Protein chains: 2
Amino acid sequence: MTQKHPDRVDESLIALRRILRATELYARDLAQAAGVTPAQLRVLQIVGEKKDPTAKTLATQMGVSQATVTALVDKLVARGLVTRLTSSQDRRQTNITLTHEGEAVLEEAPDALQQRYVRAFADLADWEQAQLVSSLERVAAMLNVDSLDAAPVLATGELRTSKKGY
Amino acid sequence: MTQKHPDRVDESLIALRRILRATELYARDLAQAAGVTPAQLRVLQIVGEKKDPTAKTLATQMGVSQATVTALVDKLVARGLVTRLTSSQDRRQTNITLTHEGEAVLEEAPDALQQRYVRAFADLADWEQAQLVSSLERVAAMLNVDSLDAAPVLATGELRTSKKGY
DNA sequence: TGCCTTACTTAGCTTATCGAAACAATCAGG
DNA sequence: CCTGATTGTTTCGATAAGCTAAGTAAGGCA
């Protein structure tokens, strides 16, 4: 296969692996600092992004079963970070909403990794940014991630797009 | 900083998120097909790469505690996929080695995602490969992943973060 | 020898996750 | 309107992964 640089595949895989590992490891620090677990923080983030999502929405968005979402929401409710509201339109549905405490946690969730990334990204020249975006999107396509409206949040909910300007 | 395309940060974050999610979700399929869990497969992979690593090596490589490694290795030993061998040099150390079954599992572990990626990568033009590698490495650097000899293997349990959930 | 350190395991707990079953509300016919 | 099917959610029971703290065993050293 006309491969002049066979090492490159490995190089790219290694780089990918490093990216994955960075976000994975970071998720723990972040969650610990925020006082919630990674999965719980992920729920908070999605609840923050979407408008009072239902359990089903959360489940599909996170790619887990509804039972798992129920368990996670239970813990967050116990901590007073979210509340459940039965929908008035369809009373089978339950909307998950952030409490003030929940918003506070979300707001204060340290996002050092993402901020570092965002800052570094902002420092790049225009064409470099464009190239990076195109490369990343290409890799995502190569991994064949079919339709998935991923939010601009790194990792499994471990990172947030900082609202404070980058 | 004179940011002409503020959307680009989000675009890159979204692409990253998609990459992370793809590998995370894939890890489960892979592990399920291989008959072991993601974390267990990760152990098998590292044991395969390194030369009969110790528990400590595994722990640092995986970024988990030794106790966790012990539990994981216990399960693999119970399944007959690895064996423990007390080192003859330092009898405090235990080398984890693959059994034939373990090698077989590792060998047969379906790696559709990685193969798809590798194939797509190979199809790229030379300069495109180079650019991709450089972009990925740049991103890894921006995430400030300090020295870490990551192996060229995609998809690792992180996404333990999810466990599922991701 | 005696003590500190290192490597690993054990024990007990929490979280995340699933599948299957239970419940509850809605909707579609007749 | 009843009835049955569908949809949304929770409950239940299990398994896996992870941690910390405490225990055991071996090595190093003075």
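It should be emphasised that the depicted structure is a prediction, and the values quoted were computed from it without experimental measurement.
- Between the NZ atom of A/K75 and the P atom of D/dT11 there is a distance of 13 Å, rounded to whole Å.
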### Verdict with reasoning, B/L85 to B/D52, per side-chain contact (heavy atoms from CB on, under 4.5 Å)
CA-CA 9 Å; B/L85 282 184; B/D52 300 344; 5.9 Å; no
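- OP1 or OP2 of D/dC19 has at least one side-chain nitrogen or oxygen of B/S65 nearer than 4.0 Å.
- Rounding to whole angstrom units, CG of residue B/L76 and C1' of D/dT15 are separated by 15 Å.
- Remark: side-chain polar atoms of A/T99 are paired, donor with acceptor, to backbone N or O of A/L81 under 3.5 angstrom.
- Remark: side-chain polar atoms of B/Q40 are not paired, donor with acceptor, to backbone N or O of B/L76 under 3.5 angstrom.
- Separating the CG atom of B/D90 from the P atom of D/dA25 is a distance of 15 Å, rounded to the nearest angstrom.
- Summary of the strand contacts: A/L72 and A/Q89 both lie near DNA chain C, and taking for each the nucleotide with the nearest heavy atom, the more 5' one is attributed to A/L72.
- Between D/dA16 and B/R79, a contact under 4.0 Å exists linking OP1 or OP2 to a side-chain N or O.
- Rounded to an integer number of Å, the gap from CG of A/D74 to P of D/dT10 is 7 Å.
- Nucleotide D/dT9 holds its P atom 15 Å from the CE atom of A/M62, rounded to whole Å.
- Which of C/dC8, D/dT10, C/dT26 sits closest to the side chain of A/R91 comes down to C/dT26.
- Both A/A71 and A/S88 lie close to DNA chain C; mapped to their nearest nucleotides by heavy-atom distance, the more 5′-ward contact belongs to A/A71.
- Base engagement by B/T70 is indicated by at least one non-hydrogen atom pair under 4.0 Å involving a base atom.
- We find that CD of A/Q93 is positioned 13 Å from P of C/dA25, with the value rounded to whole Å.
- Not one side-chain nitrogen or oxygen of A/T68 sits closer than 4.0 Å to the OP1 or OP2 atom of C/dT17.
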### Task
For the pair B/N95 and B/R84, evaluate side-chain contact (heavy atoms from CB on, under 4.5 Å) and give the outcome as yes or no after the intermediate values.
CA-CA 6 Å; B/N95 292 106; B/R84 282 187 239 246; over 6 Å; no
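- Rounding to whole angstrom units, NZ of residue B/K56 and C1' of D/dA26 are separated by 15 Å.
- Residue contacts shown for B/A67 include a base, since a base heavy atom lies under 4.0 Å away.
- Base contact: A/Q66 has a heavy atom under 4.0 Å from a base atom.
- Across C/dT17, D/dT10, C/dC8, the shortest atom-to-atom separation from the side chain of B/A55 is found for C/dC8.
- A donor-acceptor pair under 3.5 Å is absent between the side-chain atoms of B/Q129 and the main chain of A/V9, judged by distance alone.
- Between B/R84 and C/dA7 there is no side-chain N or O to OP1 or OP2 distance below 4.0 Å.
- Side chain A/R92 to base D/dT9: no donor-acceptor pair is found below 3.5 Å.
- One atom, CG of A/N95, and another, P of D/dT10, lie 11 Å apart when rounded to the nearest Å.
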